[in-house]
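Within every chain, numbering begins at 1; the chains are lettered A, B, ... in the order of the sequence lines, protein sequences first and strands thereafter.
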Amino acid sequence: MNPKDLASYATNTWCPGCGNFSILSAIRSVLAQLDQEGYPVEDVVLVSGIGCHAKIVDYLNVNSFYSIHGRTLPVATGIKLANPDLKVICFSGDGDSLAEGLDHLIFAAKRNIDVTLILHDNRVYGLTTGQFTPTSPPGFKGKSTPLGTEELPMNPPELMLASGATYIARGYTHGIDLLQKLFKEAILHQGFSFVDVLQVCVTFFNLYESYNQRTYEVKDNDTSSFDEALKIARSWNYDDHEARIPLGKFYQVDAPTFDRTFPGFEIRDVDRDSRIKEVLEGLI
Amino acid sequence: MSQKMSPPIQKDPQKRAASMRVVEGSYAVAHAVMCSMPDVISAYPITPQTHIVEHLSQMVADGATDAEFLTVDSEFSALSVLVGSSAMGGRSYSSTTSQGLALMYEVLYNVSGMRLPVVMTVANRAMGAPLNIWNDHQDSIGARDVGWIQLYVENVQEAMDATPQAYKIAEDLDIRTPVMVCMDGFILTHVYEPVELLDKERVRSFLPPYRPEHILDPANPYTFGAFADPSTYTEFRYQQCEAMVKSMAKIEKAASEFQEIFGRYYGGLIDTYRTDDAEVIIIAMGSVVGTIKDAIDQMRAAGKRVGLVKIRSYRPFPVKALKDALKNAQVIAVLEKDVSVGYEAGLTTDLKAAFYNSNLRMPIVGFSAGLGGRDITIHDIERLVQKAEAARAGIESEFEFLTLRKEIL
């Protein structure tokens, strides 16, 4: 399959220069590769939320679900539990998953459900044209905070580590090779995989210059070490204007996944009658 | 019950023009909120409400109001913040639309049940799915039963003027009921119209400072939102219903008092347009009222006796005012921007219910139009009147979609 085959007929309405184009291009390449490697695109479901990011499902000729604001992960959880053989990939924004849908993000990580969440983290509400989000830096002067916000930003990889995610990485929309590598790893990972993508919003919060100067790829880190991953995640707090910004895979461990341990998943292989009898006898 | 026609804002057209400014609908509302001197504003951005809170945040930053302005993580949080601030005795404001209003649903009942006089602008927008950001009234009519007063406005000037009126009604100690001011998303929020901007000092003379009787106070502790078991729960609801009934006179009074100070009047519970000798009367709410007035003028010029009743207050539903205004009609046509999937639509069924146990026996036919932002044109209104006239000979359809594109079904 050629990545071009995955394009849809929908007219793209993102701003010229939007970081979302890189994410679209990377995921198209990855899905085409996976199709050739035994993961047919028919077995992939994309889920998006509300925000500029969400239009990505319109631009991909793949099974998809456009959910309501913040609710990408509950929909994805339902899809995965109904058919655990599917690859479920969520696209969500920092407003979508860190504000309105934050509880779902934490619970998806806590359950370690085998779905992938790609966070279009542009650190601004783009679709409503420029208000601060949970990852905007303090002092951010958006249209709803003309004096600058006083809140401290969230650190999504740190939050995901603490919540139990088993694959955590960060990409940047200038750096498509790394994005492709991380997306592929995340999708193939068994468990909840989280990729924080520094996706630049050229119109309302253009951070290209800052990111170009400060990002670097972490290498040779022990990705099985929680402590090392935490150290990397904390080396930039989304506020510090000097610190270098690590990209790459921070963390990956194996752990039981919710979709495989969900009560009832193996029910078809169980002799229900003898199991019920066993339970009843245990009560006597 | 006053059913006066809207008087001219100022008699001298030159003076009037000089005092007017062309502003965006969202700015006009933000300006009215600022003049109403709120203590706490809390909101989450959602199209097409966003500009209202952006303008307010700028006004707070500029020192035009000393309100606390909170940008929160969801609409659920936005209104929950106001439960706290209103219980503390602060005048509280929010604004939302559509999906945001739906996310607030649980809190809407909390606010009204605790009798907190919050005022909220609803920039009316269609509900998803399918996803749609344009105007209709499904969002607020879907929240018909949550215990909030609902006022619908016709134009930008009325959206502005209804805001201090809403606080006056909500905070009245006989009422203590939150108010939604419903304005059509985009059609009114994003349009630029010439308006007379409210003057803060004159608003002060219209709207007294908020002096609640019961607030959270460590020196005199109260509990808000406490448990009510079956022995008392009914009485809480009964008192809310009583307050709604009482609010009808207060809505009229607020409109009249506003007129005395500012010279502008849009009707109290309802307003009428060319109904005196009308055989066909159209009932509608919101900005489409302006289009209907133009359509009526054209049809009148062609000899058709058509009139309009505009509903300003959908909750409380002004049964007596409507019966008075409609009693001489030969047929009534309801035009509404919502649908109750399964049975007609809110305004149509409410009106038919209001007339059932009365001696009024003219046909009432309902039409849903303008869903998801589809334009309602003068031609559509002429078609509606033709259909209504046909109903005088016998109702063929009690309710229908007026502008259905059958070719794409």
Say you draw a straight line from [atom1] of [X] to [atom2] of [Y]; how long is it, rounded to the nearest 0.5 Å?
X	Y	atom1	atom2	value
A/Thr128	B/Ile46	OG1	CD1	9.0 Å
B/Gln58	A/Lys143	CD	NZ	11.5 Å
B/Leu131	A/Ser67	CG	OG	10.5 Å

Query - Residues from residues 43-65 of chain A approaching chain B under 4.5 Å (heavy atoms) - result: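 The list, in residue order, reads A/Ile50.
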Query raised in the report: Mind checking which of residues 91-118 of chain A sit less than 4.5 Å from chain B, heavy atom to heavy atom?
Result: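 The residues closer than 4.5 Å to chain B, in numerical order, are A/Gly95, A/Ala99, A/Glu100.
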Query raised in the report: Of the non-hydrogen atoms in A/Pro146 and B/Ala61, which two are nearest, and what is the gap between them?
Result: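 The pair with the smallest heavy-atom distance is CG-CB, 3.6 Å.
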Contacting region of [X] [heavy-atom separation from chain A under 4.5 Å]:
X	answer
B/Leu56	neither
B/Thr50	side chain
B/Glu54	both
B/Gln49	neither

Can you confirm whether [X] is buried at [atom1], in the sense that more than 12 heavy atoms of other residues, nucleotides or ligands lie under 6.0 Å from that atom?
X	atom1	value
B/Met37	CE	yes
B/Lys200	NZ	yes
B/Glu68	CD	no

Report task. Examine whether an atom of A/Thr149 lies under 4.5 Å from a heavy atom of chain B, and if so say whether it belongs to the side chain, the backbone or both; otherwise answer neither. Result ->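 Neither; nothing under 4.5 Å.
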**Report entry** Residue among B/Pro45, B/Ser74, B/Ala43, B/Pro48 with most heavy-atom pairs under 4.5 Å to chain A
**Finding:**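 Highest number of pairs under 4.5 Å: B/Pro45.
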Query - A/Tyr125 and B/Tyr44 aromatic ring geometry - parallel, tilted or perpendicular at 30°/60° bounds - result: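 Aromatic pair B/Tyr44/A/Tyr125 classed perpendicular.
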Requested in this report: Taking the side chain as every heavy atom from C-beta outward, state whether A/Thr145 and B/Thr71 have any atom pair closer than 4.5 Å.
Outcome: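 A/Thr145 vs B/Thr71: side chains touch.
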